[in-house]
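Encoded as structure tokens, the structure appears first; notes follow it.
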There are 2 protein chains.
Amino acid sequence: MTCADVIITYGTMLDRKSSQLREVLEMHKALSDANRLRILIALTGKELCVCQITELLQLAPSTVSKHLSILRQAHLIEMRKVGRWIHYRLSDQNVDTTAAEYIRLLGRSLDRDPQIKDDRKHLKEILKMDVDALCRRM
Amino acid sequence: MTCADVIITYGTMLDRKSSQLREVLEMHKALSDANRLRILIALTGKELCVCQITELLQLAPSTVSKHLSILRQAHLIEMRKVGRWIHYRLSDQNVDTTAAEYIRLLGRSLDRDPQIKDDRKHLKEILKMDVDALCRRM
DNA sequence: TCCATATTTCGTTACTTGGCGAAATATAGG
DNA sequence: CCTATATTTCGCCAAGTAACGAAATATGGA
């Protein structure tokens with residue numbers, strides 16, 4: 001029961017996208033893929049550009065792009081242009097912390113999952129690398 | 001923001017089935033189908049037997065059975081034999097209220113969804129009917 | 001014991017989804 | 001205004017999923 005004390009306001013998360021079964025399902029579906037969860041957990045507390053995420057997941061850029069668009073459609077992440085790159089981050093990281101908080105909780109509770117552990121390590125390396133060089137390799 | 005004040009402990013829900021990405025995904029997938037959400041919402045605060053659920057959803061018994069087994073596998077519902085019927089209910093309705101609480105919240109936030117509204121009305125009628133007669137028609 | 005019946009399992013079919021590579025799009029910077 | 005390049009869109013294939021009906025599997029009660 002390591003997280004039993006963690007209490008989050010899931011209400012707002014539901015409110016924003018609720019009153020329509022379709023939208024709730026869209027959110028749940030977005031959370032139902034391993035690679036999309038990996039993306040969300042990687043985005044906890046930081047922004048990443050598409051090529052950094054692509055390097056982390058080791059998938060084709062087109063596949064990563066599709067996943068990002070599904071997460072965007074579900075209002076779980078937001079995008080922002082920075083120079084020649086597009087940065088993604090958890091939705092409303094500052095203002096409305098619900099979705100971001102849920103993901104953070106998820107990440108913590110998956111701390112011992114081998115895949116997630118690997119990702120954390122890999123991500124540290126990626127953040128040390130030059131973004132320019134990283135993108136050029138795609 | 002009708003539900004903004006509703007705060008739920010999602011942490012325990014994660015704890016019980018966490019530390020494995022696979023199990024978290026299983027839970028999210030179980031929550032990603034409209035008919036399964038309809039079942040969960042119908043079960044809020046009460047037990048129902050399979051034939052009552054089948055009547056509510058208007059699907060083949062075999063299909064309903066499959067949905068129930070997916071929800072069971074995700075630890076979202078529990079079953080219990082009552083006479084010649086099998087009753088289903090939200091997991092840990094009394095003890096650990098997390099999953100049940102999330103579903104309750106979900107139901108409230110979907111209150112105005114036409115499908116969910118219809119279901120509530122239909123369920124009221126079903127509960128008035130004789131279970132024996134209802135099952136015999138399947 | 002055996003029958004009636006409530007529920008599940010199995011096999012099939014139609015549809016959805018995740019993956020890739022190729023082509024298209026957009027745009028920062030020379 | 002080009003060109004290089006970051007990202008997305010498109011078309012395809014393989015794998016997964018929801019639906020059904022038919023058959024199998026309990027099991028309560030006569």
In whole Å, I'd like the distance from the [atom1] atom of [X] to the [atom2] atom of [N].
X     : N      : atom1 : atom2 : result
B:Q73 : C:dT8  : CD    : P     : 13 Å
B:I39 : D:dA19 : CD1   : C1'   : 13 Å
A:L31 : C:dG18 : CG    : P     : 13 Å
B:L68 : C:dT9  : CG    : C1'   : 14 Å
B:R80 : C:dA6  : CZ    : P     : 18 Å
B:I53 : C:dA6  : CD1   : C1'   : 13 Å
B:H87 : C:dT8  : NE2   : C1'   : 17 Å
A:L57 : C:dG18 : CG    : C1'   : 13 Å

Minimum-distance nucleotide (side-chain atoms of [X] versus [options]):
X     : options               : value
B:S65 : C:dT9, C:dG21, D:dT8  : C:dT9
A:R72 : D:dT8, C:dG21, D:dA19 : D:dT8
B:K81 : C:dT9, C:dT27, D:dG28 : D:dG28

For nucleotides 3-6 of chain D, which of its nitrogen or oxygen atoms have a protein nitrogen or oxygen under 3.5 Å away, and what is each distance?
residue, atom, partner, partner atom, Å
D:dA6, OP2, A:C135, O, 2.8
D:dA6, OP2, A:R136, N, 3.2

Are any protein N/O atoms closer than 3.5 Å to N/O atoms in nucleotides 14-18 of chain D? If there are, list each pair with its distance.
residue, atom, partner, partner atom, Å
D:dA18, OP1, B:R36, NH1, 3.2
D:dA18, OP1, B:R36, NH2, 2.9

#### Entry: Earlier contact from the 5' end, DNA chain D, for A:S69 and B:V64
A:S69

### Query
Quick check: are there more than 12 heavy atoms from other residues, nucleotides or ligands sitting under 6.0 Å from NZ of B:K124?
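At most 12 heavy atoms, drawn from other residues, nucleotides or ligands, come within 6.0 Å of this atom.
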
### Side-chain heavy atoms of B:L127 within contact of B:K46, under 4.5 Å
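Yes, close enough: below the 4.5 Å cut-off.
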
#### Entry: Qualifying side-chain hydrogen bond (donor to acceptor under 3.5 Å, both in side chains) pairs with a residue from residues 29-39 of chain B, counting only residues at least two apart or across chains
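Residue pairs passing side-chain hydrogen bond (donor to acceptor under 3.5 Å, both in side chains), neighbours aside: A:S32-B:S32, B:N35-B:R38, B:R36-B:H67, B:R38-B:D119.
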
#### Entry: Evaluation steps, side-chain contact (heavy atoms from CB on, under 4.5 Å), between B:M129 and B:Q52
CA-CA 9 Å; B:M129 295 166 77; B:Q52 290 174 311; over 6 Å; no

Please confirm whether the backbone N or O of [Y] pairs with a side-chain atom of [X], one donor and one acceptor, at under 3.5 Å?
X      : Y     : result
A:T63  : A:L59 : no
B:D113 : A:L21 : yes
A:H28  : B:L31 : yes

## Note on the structure
The side-chain contact (heavy atoms from CB on, under 4.5 Å) partner of B:C49 among B:V131, B:T54, B:V82 is B:V131

### Task
Over all heavy atoms of both residues, which pair between A:I41 and A:I103 is shortest? Give the atoms and the distance, please.
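That closest heavy-atom pairing would be N-CG2, 3.9 Å.
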
### Query
Between B:Y88 and C:dA6, is there a side-chain N or O to OP1/OP2 distance below 4.0 Å?
no

